[in-house]
Amino acid sequence: MKPYKYVACICMLLFALGISLFADEASTLESLFTKGPESIDYAAQFERAVPLAVMHQILDQFSAQLGPFKQVKGSTNPYTLVFDEGTVTAYISLDGSNQVAGLQFTEVIRARLTLADAVKQIIDLDADTAILIRKNAETVVAHNADIPLAVGSSFKLGILAAVEDAVRENKLQWFQSVRLLSMWKSLPTGILQDWPTGSRLTIETLATLMISQSDNTATDALMSLVGRNSVGSYLSNSRPVLSTAEAFRLKNPANSDLLARYRTGSSAEKEKVLDQIKSRPLMEPGLLSGNPVAIDIEWFMTAHELASLIERLQILPLMTVNAGLATKERWHRVAYKGGSEPGVLNLTTYLEDEEHNRHTVVVTVNNAQSPLDEKFIMETYQAILNLLE
């Protein structure tokens, strides 16, 4: 696993065993960055999960990105680690013996980066890009915001909007329960593909899993319940709107005959292909971990469409479960949906501050020929969120 993966995953290791003292937390962080990982003590469980060699790699990465370490700011979590050319947000947990039991690094901010710089970094990528930033419904930045690009799982905002319509029209109820059907089961992401057929779930649970975990089986269940045409009213550039399982089957090289017919067919022919493909195998999940695979078989939306949807849907509590790349503690409200596959990345976030200023940030990047530098794009996107005023 690459070092930056550990930076993102250490947040899973917050298993503090006792009460820690704030002064000890700050001094421990200070020692970590001035004297090195060997200068502090670790709980056995943490040390097994994150070896000293990995700690060295993480610290080296920060130094390479941000220059020399300067100081720790703060008296309680989250702490701010100050470097010569930026800051890092850190959370630390000590056990009753003042050993490190948990450590989390969340935001990396380059001090010299401006909002214009961050936007330019996205635009200058060797890819098709779209950016939209709104503040209180007024456009601050717009680049290709009316051009439809592949957005991956962010299309699920369109399904959620169709579900909300059905609830408003009394066709569905949030508390209504349905049995999980085998025909709805898709590939991960998500958990429901492994649940027993016939399990009962409410509409609200399905919607929460679809948005917060990007559960593909929950997605296909909801799309089946509201109907393809209802979802299509929100995805005018993606008709017929594919279920996730249909997309996986079309991308499967074993089904190349149906993919060829789908690509060249009329709307009626596409519908016939989707009916025939139900009996074909899903692709192997590993096929979507390397180079782009047929990213024309996707869901295409404009930045304006995504912004309007998340601004409408952010009022739903389920939209706030996953904050994406934003730090919840710094905002009054955060709603998020993202989507990705090799060659495709979308990040869509709604934020509201304590003064009730509303911000919407949409970034979409497509490259049909080669994988994206997702780490760089996400770091730049996070910088944009932190530079909002």
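In this chain, numbering begins with 1 at the start of the sequence shown.
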Visitor: Under 3.5 Å, is there a donor on one side chain and an acceptor on the other for Arg358 and Gln314?
Guide: no

Visitor: Could you tell me if the side chain of Leu274 sits less than 4.5 Å from the side chain of Arg228, heavy atoms only?
Guide: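 A side-chain contact exists here, since the closest heavy-atom pair is under 4.5 Å.
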
Visitor: Hey, does the side chain of Ser279 reach the backbone of Gln276 with a donor-acceptor pair shorter than 3.5 angstrom?
Guide: yes

Visitor: Which atom pair, heavy atoms only, marks the closest approach of Ala150 to Asn366?
Guide: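 So the two residues come closest at N-OD1, 2.8 Å.
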
Visitor: Could you check whether Asn216 and Thr219, counting side-chain N and O atoms only, form a donor-acceptor pair closer than 3.5 Å?
Guide: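 No, because no side-chain N or O of Thr219 sits under 3.5 Å from a partner of the opposite role on Asn216.
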
Visitor: Rounded to the nearest 0.5 Å, what separates atom CD1 in Ile133 from atom NE2 in His359?
Guide: 10.5 Å

Visitor: Are Gln382 and Thr349 side-chain neighbours, meaning at least one heavy-atom pair lies under 4.5 Å?
Guide: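 In short, these two side chains do not touch, never coming nearer than 4.5 Å.
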
Visitor: Hydrogens and angles aside, do Asn322 and Lys328 bring a side-chain donor and acceptor to less than 3.5 Å of each other?
Guide: no

Visitor: Judged by modelled atom types alone, do Arg134 and Thr139 share a side-chain donor-acceptor pair under 3.5 Å?
Guide: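 The criterion, which ignores hydrogens and geometry beyond distance, is not satisfied for Thr139 and Arg134.
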
Visitor: Please report the shortest heavy-atom distance between Met378 and Leu347, naming the atom on each side.
Guide: CG-CD1, 4.2 Å

Visitor: Under 3.5 Å, is there a donor on one side chain and an acceptor on the other for Glu38 and His56?
Guide: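 Side chains of Glu38 and His56: pair found under 3.5 Å.
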
Visitor: Mind checking the CG-OG1 spacing from Leu149 to Thr129? Nearest 0.5 Å is all I need.
Guide: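 OG1 of Thr129 is found 8.0 Å from CG of Leu149.
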
Visitor: Can you hop from Ile295 to Ile297 via hydrophobic side chains spaced under 4.5 Å?
Guide: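 No, no single cluster joins them.
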
Visitor: Are Arg263 and Glu269 ion-paired here, with the side-chain N under 4.0 Å from a carboxylate O?
Guide: no

Visitor: With a 4.5 Å heavy-atom cut-off, do Tyr262 and Leu258 have their side chains touching?
Guide: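 A side-chain contact under 4.5 Å is absent here.
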
Visitor: Check whether the side chains of Glu379 and Tyr381 place a donor and an acceptor atom closer than 3.5 Å, and report yes or no.
Guide: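 Judged by distance alone, the side chains do not pair up.
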
Visitor: Looking at Arg312 and Glu164, is any side-chain nitrogen of the basic one under 4.0 Å from a carboxylate oxygen of the acidic one?
Guide: yes

Visitor: Take atom CG in Asp257; do more than 12 heavy atoms of anything else shown fall under 6.0 Å from it?
Guide: yes

Visitor: In this structure, which one of Leu81, Thr89, Ile92 forms a side chain to side chain contact (heavy atoms under 4.5 Å, CB included) with Phe105?
Guide: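 Output: one option passes, namely Leu81.
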
Visitor: Applying salt bridge (Lys or Arg N to Asp or Glu O under 4.0 Å) to Asp275 and Lys272, what does each step give before you reach the verdict?
Guide: CA-CA 5 Å; Asp275 186 59; Lys272 289 180 182 177; over 6 Å; no

Visitor: State, to 0.1 Å, how close Leu306 and Met301 come at their nearest heavy-atom pair, and which atoms those are.
Guide: CD2-SD, 3.7 Å

Visitor: Would you please test Phe69 and Phe62 for ring-ring contact (aromatic ring centres under 6.0 Å, His included) and show each step?
Guide: CA-CA 9 Å; Phe69 172 79; Phe62 285 145; over 10 Å; no

Visitor: Please list all pairs passing the salt bridge (charged side-chain N to carboxylate O under 4.0 Å, His left out) test where one or both residues lie in residues 204-220, with sequence neighbours left out.
Guide: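 Checked against salt bridge (charged side-chain N to carboxylate O under 4.0 Å, His left out) - neighbours excluded - no pair reaches residues 204-220.
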
Visitor: Give a yes or no answer on whether the side chain of Ser289 reaches the backbone of Gly286 with a donor-acceptor pair at less than 3.5 Å.
Guide: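 Confirmed, Ser289 side chain pairs with Gly286 backbone.
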
Visitor: Return the set of residues passing salt bridge (charged side-chain N to carboxylate O under 4.0 Å, His left out) with Lys171 (not counting sequence neighbours), or none when no residue passes.
Guide: Glu169

Visitor: Will you find, in the side chains of Ser154 and Asn346, an N or O donor that is under 3.5 Å from an N or O acceptor?
Guide: yes

Visitor: Going through the checks in order, is the side chain to side chain contact (heavy atoms under 4.5 Å, CB included) test met by Glu374 and Ile377?
Guide: CA-CA 5 Å; Glu374 292 189 1; Ile377 297 167; 5.5 Å; no

Visitor: Has the side chain of Lys251 got a donor or acceptor atom that lies under 3.5 Å from a matching backbone atom of Val293?
Guide: yes

Visitor: Any chance the side chains of Trp174 and Thr202 put a donor and an acceptor closer than 3.5 Å?
Guide: no

Visitor: How many angstroms lie between CG in Asp353 and CZ in Arg330, if you round to the nearest 0.5 Å?
Guide: 13.5 Å

Visitor: Of all the heavy-atom pairs spanning Pro371 and Gly290, show the shortest one and how long it is.
Guide: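 Pro371 and Gly290 have their closest heavy atoms at CG-O, 3.6 Å.
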
Visitor: Assigning hydrophobic clusters by single linkage (Ile, Leu, Val, Met, Phe, Trp, Tyr; side-chain heavy-atom cutoff under 4.5 Å), is Val151 placed with Val241?
Guide: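 Val151 clusters together with Val241.
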
Visitor: For the residue pair Ser153 and Lys156, confirm or rule out a side-chain donor-acceptor distance under 3.5 Å.
Guide: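 Note: Ser153 and Lys156 side chains meet the donor-acceptor criterion.
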
Visitor: Between Gln121 and Ala118, is there a donor-acceptor pair closer than 3.5 Å when you use the side chain of the first and the backbone of the second?
Guide: no

Visitor: Is the backbone N or O of Leu242 less than 3.5 Å from a side-chain atom of Trp299, with the two atoms forming a donor-acceptor pair by type?
Guide: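 Yes: the side chain of Trp299 pairs with the backbone of Leu242.
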
Visitor: For Asn144 and Ile147, indicate whether the former's side chain and the latter's backbone hold a donor-acceptor pair under 3.5 Å.
Guide: no

Visitor: Would you find a donor on one side and an acceptor on the other, under 3.5 Å apart, between the side chain of Ser238 and the backbone of Leu235?
Guide: no

Visitor: Kindly determine whether Glu246 and Lys278 satisfy salt bridge (Lys or Arg N to Asp or Glu O under 4.0 Å), including the steps that lead there.
Guide: CA-CA 7 Å; Glu246 288 168 339; Lys278 293 176 183 177; over 6 Å; no

Visitor: Could you go through the side chain to side chain contact (heavy atoms under 4.5 Å, CB included) check for Tyr91 and Tyr79 one step at a time?
Guide: CA-CA 6 Å; Tyr91 296 77; Tyr79 295 90; over 6 Å; no

Visitor: So does Met210 get a backbone contact from the side chain of Gln213, meaning a donor-acceptor N/O pair under 3.5 Å?
Guide: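 Looks like no, no N/O pair under 3.5 Å.
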
Visitor: Going by heavy atoms in the side chains, are Leu225 and Val163 under 4.5 Å from each other?
Guide: no

Visitor: Hey, any chance Tyr350 and Val321 share a hydrophobic cluster, counting ILVMFWY side chains that come within less than 4.5 Å of each other, even indirectly?
Guide: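 No, separate clusters.
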
Visitor: Are side-chain heavy atoms of Leu351 and Leu388 found at a separation under 4.5 Å?
Guide: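 Leu351 vs Leu388: side chains touch.
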
Visitor: Salt-bridged, Lys120 to Asp117, with N to O below 4.0 Å?
Guide: no

Visitor: Are Leu206 and Leu316 connected into the same hydrophobic cluster when the rule is that any two of I, L, V, M, F, W, Y join if their side-chain heavy atoms are below 4.5 Å apart?
Guide: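 Same hydrophobic cluster.
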
Visitor: Any chance the side chains of Arg249 and Ser186 put a donor and an acceptor closer than 3.5 Å?
Guide: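 Absent: no donor and acceptor within the cut-off.
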
Visitor: Count the heavy atoms of every other residue, nucleotide or ligand shown that sit under 6.0 Å from CD of Gln71, and state whether that count exceeds 12.
Guide: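 Result for CD/Gln71: enclosed.
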
Visitor: Return the CG to CE distance between Leu313 and Met319, rounded to the nearest 0.5 Å.
Guide: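 So the CG of Leu313 and the CE of Met319 are separated by 6.0 Å.
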
Visitor: Looking only at heavy atoms, which two atoms of Leu282 and Asn252 are closest? And how far apart?
Guide: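 Answer, listing the atom of Leu282 first, then Asn252: O-ND2, 3.1 Å.
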
Visitor: Taking the side chain as every heavy atom from C-beta outward, state whether Leu209 and Ile191 have any pair of such atoms under 4.5 Å apart.
Guide: yes

Visitor: Looking only at non-hydrogen atoms, find the nearest pair between Leu59 and Leu32 and report the distance.
Guide: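 Answer, listing the atom of Leu59 first, then Leu32: CD2-O, 3.2 Å.
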
Visitor: Between Phe83 and Phe33, is there a side-chain heavy-atom distance shorter than 4.5 Å?
Guide: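 Yes - at least one pair of side-chain heavy atoms lies under 4.5 Å apart.
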
Visitor: Start with the C-alpha gap between Glu25 and Leu94, add the side-chain angles, then the distance that decides, and say whether side chain to side chain contact (heavy atoms under 4.5 Å, CB included) holds.
Guide: CA-CA 7 Å; Glu25 292 173 348; Leu94 305 182; 4.1 Å; yes

Visitor: Under 4.5 Å between any side-chain heavy atoms of Tyr42 and Gln99, yes or no?
Guide: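 Sidechains of Gln99 and Tyr42: no contact.
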
Visitor: Determine, step by step, whether Asn357 and Lys135 satisfy the side chain to side chain contact (heavy atoms under 4.5 Å, CB included) criterion, reporting the C-alpha distance in whole Å, the side-chain angles of both residues, the deciding distance to 0.1 Å, and the verdict.
Guide: CA-CA 7 Å; Asn357 291 302; Lys135 180 178 180 180; 4.1 Å; yes

